[in-house]
Amino acid sequence: MQTLTTQTTRQAHSKQEPFLVIDNVSKVYPTPKGNYVVLDQVDLQVQEGEFVCVIGHSGCGKSTLLNMVSGFATPTHGSVTLHGKRITEPGPDRMVVFQGYALLPWLTAYENIYLAVDSVHPNKSEAEKKQIVREHLAMVGLSEAAHKQPGQLSGGMRQRVSIARALAIRPEVLILDEPFGALDAITKEELQVELLKIWNDHRCTVLMITHDIDEALFLADRLVMMTNGPAAKIGEILEIPFPRPRDRDRIMEDPEFYKMRNYILDYLYNRFAHDDE
Ligand SMILES: Nc1ncnc2c1ncn2[C@@H]1O[C@H](COP(=O)(O)OP(=O)(O)OP(=O)(O)O)[C@@H](O)[C@H]1O
């Protein structure tokens with residue numbers, strides 16, 4: 001697969017200092033039947049501003065890995081560091097967007113975002129906080145829906161609010177746990193384009209779990225492919241060579257896209273086939 005790796009991308013990465021470092025991380029959960037090793041000696045370095053997707057079969061430990069970056073979980077062995085500082089708890093420098101939106105149903109879209117901004121920046125003036133909320137609602141095209149509660153919004157709109165809420169905090173790392181998994185194909189493609197635009201404008205570092213190979217090939221700089229659990233590891237990391245800004249039609253005309261797609265399919269369904277699938 002070396003032929004699929006672009007020299008340019010590799011050189012660009014090697015010039016920068018590591019930003020987020022997952023160093024020899026293992027995660028073990030004690031269970032009534034004994035210790036359950038979810039992840040075993042995982043190493044990953046992410047550069048600032050990189051877009052990294054993580055793929056692997058259900059239950060291999062993708063969320064567990066990203067939970068240790070968000071700080072909701074801590075490694076049993078090894079460490080996760082951001083700017084050289086060990087991550088031990090959640091913080092506003094790392095925001096998570098889940099598949100299930102996690103919005104408060106009794107608050108409007110505006111209020112959901114305002115609450116997050118207010119909790120992280122209690123000392124900012126009312127006017128500043130309102131401006132941040134308005135800016136981020138506009139960024140995801142939801143200015144008109146500001147007064148609606150999540151129950152009055154479509155799945156795609158709810159996920160836009162979740163993304164706006166996460167970005168309104170100005171995180172350094174945006175963690176996306178299958179954010180578009182529950183959306184229909186068209187909404188999903190629209191949101192992928194929006195996400196790339198937002199990422200391009202803000203250049204935060206993105207870690208995203210996906211089960212969708214085409215999504216990973218469209219969005220990511222690198223794709224981390226996990227082995228199966230228990231004791232999952234990073235099996236392989238692919239550099240995605242398509243130039244940016246990315247255009248879906250152009251990518252899909254590129255023979256490299258199909259070569260990579262088949263390679264990932266072979267990895268998931270032959271080399272690391274899952275018993276349940
Ligand atoms: N608190 C816990 N105690 C014991 N086992 C756990 C705990 N949390 C997760 N696990 C187990 O760890 C394994 C990995 O879970 P995780 O949610 O990280 O996988 P995943 O790859 O994100 O799965 P999916 O793609 O289905 O979301 C699973 O077998 C899960 O049952």
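For this chain, numbers begin at 1 and follow the sequence in order. Both counts, for ligands and for their atoms, begin at 1 and track the order of listing.
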Enquirer: Just checking, is any N or O donor in the side chain of E215 or T210 under 3.5 Å from an acceptor N or O on the other one?
Expert: yes
Enquirer: Flag T31 as yes when one of its N or O atoms lies below 3.5 Å from any N or O atom of ligand 1, and as no otherwise.
Expert: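 Between T31 and ligand 1 (N or O atoms, distance only) the closest approach is not under 3.5 Å.
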Enquirer: Counting only heavy atoms not in R271, do more than 12 sit closer than 6.0 Å to its CZ atom?
Expert: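 Atom CZ in R271 is crowded, with more than 12 foreign heavy atoms closer than 6.0 Å.
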Enquirer: Give the numbers and elements of all ligand 1 atoms closer than 4.0 Å to a heavy atom of C60.
Expert: 19 (O), 21 (O)
Enquirer: So Y267 and F272, would you call those rings parallel, tilted or perpendicular, with 30° and 60° as cut-offs?
Expert: tilted
Enquirer: Applying a 4.0 Å heavy-atom criterion (strictly less than), which segment of V38 is in contact with ligand 1: side chain, backbone, both, or neither?
Expert: side chain
Enquirer: For atom 5 (N) of ligand 1, what is the closest protein heavy atom, and at what distance to 0.1 Å?
Expert: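 The protein heavy atom lying closest is Y29 CD1, 3.5 Å.
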Enquirer: Measure H211 to ligand 1 on non-hydrogen atoms and call it side chain, backbone, both or neither using the 4.0 Å cut-off.
Expert: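 Contact part for H211 vs ligand 1: side chain (C-beta onward).
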Enquirer: Between E50 (side chain only) and Q47 (backbone N and O only), is there a donor and an acceptor less than 3.5 Å apart?
Expert: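 Yes.
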Enquirer: Look at atom 29 (O) of ligand 1 and say which protein heavy atom is nearest, naming residue and atom and giving the distance to 0.1 Å.
Expert: Y36 OH, 3.5 Å
Enquirer: Once the angle between the rings of F98 and F72 is folded into 0 to 90°, is it parallel (under 30°), tilted (30 to 60°) or perpendicular (over 60°)?
Expert: tilted
Enquirer: May I ask you to say whether R94 pairs ionically with E172, meaning some side-chain N is under 4.0 Å from a carboxylate O?
Expert: no
Enquirer: If we only count N/O pairs under 3.5 Å, is S58 in contact with ligand 1?
Expert: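 So ligand 1 has an N or O lying under 3.5 Å from an N or O of S58.
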Enquirer: Which residue owns the protein heavy atom closest to atom 18 (O) of ligand 1, what's the atom, and how far is it?
Expert: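 Heavy-atom neighbour on the protein nearest atom 18 (O) of ligand 1: T64 OG1, 2.5 Å.
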Enquirer: At what distance is the nearest protein heavy atom to atom 19 (O) of ligand 1, and which residue and atom is it?
Expert: G61 N, 3.2 Å
Enquirer: Of all the non-hydrogen atoms in the protein, which one sits nearest to atom 25 (O) of ligand 1, and at what distance?
Expert: K62 NZ, 2.8 Å
Enquirer: Among S63, G229, G56, which one has a heavy atom closest to atom 27 (O) of ligand 1?
Expert: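 When every heavy atom of S63, G229, G56 is considered, S63 comes closest to atom 27 (O) of ligand 1.
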Enquirer: Compute whether any side-chain donor of one residue and acceptor of the other, for E190 and T187, lie under 3.5 angstrom apart.
Expert: no
Enquirer: Establish whether atom 14 (C) of ligand 1 and some protein heavy atom are separated by less than 4.0 angstrom.
Expert: yes
Enquirer: What's the spacing between R261 CZ and L217 CG if we round to 0.5 Å?
Expert: 8.0 Å
Enquirer: Which ligand 1 atoms are under 4.0 Å away from a heavy-atom of G59?
Expert: 13 (C), 14 (C), 19 (O), 20 (P), 21 (O), 23 (O), 24 (P), 25 (O), 26 (O), 28 (C), 29 (O)
Enquirer: Determine the interplanar angle of the F257 and F242 rings, folded into 0 to 90°, and report it as parallel if under 30°, tilted if 30 to 60°, perpendicular if over 60°.
Expert: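 Answer is tilted, since the angle falls between 30° and 60°.
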Enquirer: Is atom 31 (O) of ligand 1 close to the protein, meaning a heavy atom under 4.0 Å from it?
Expert: no
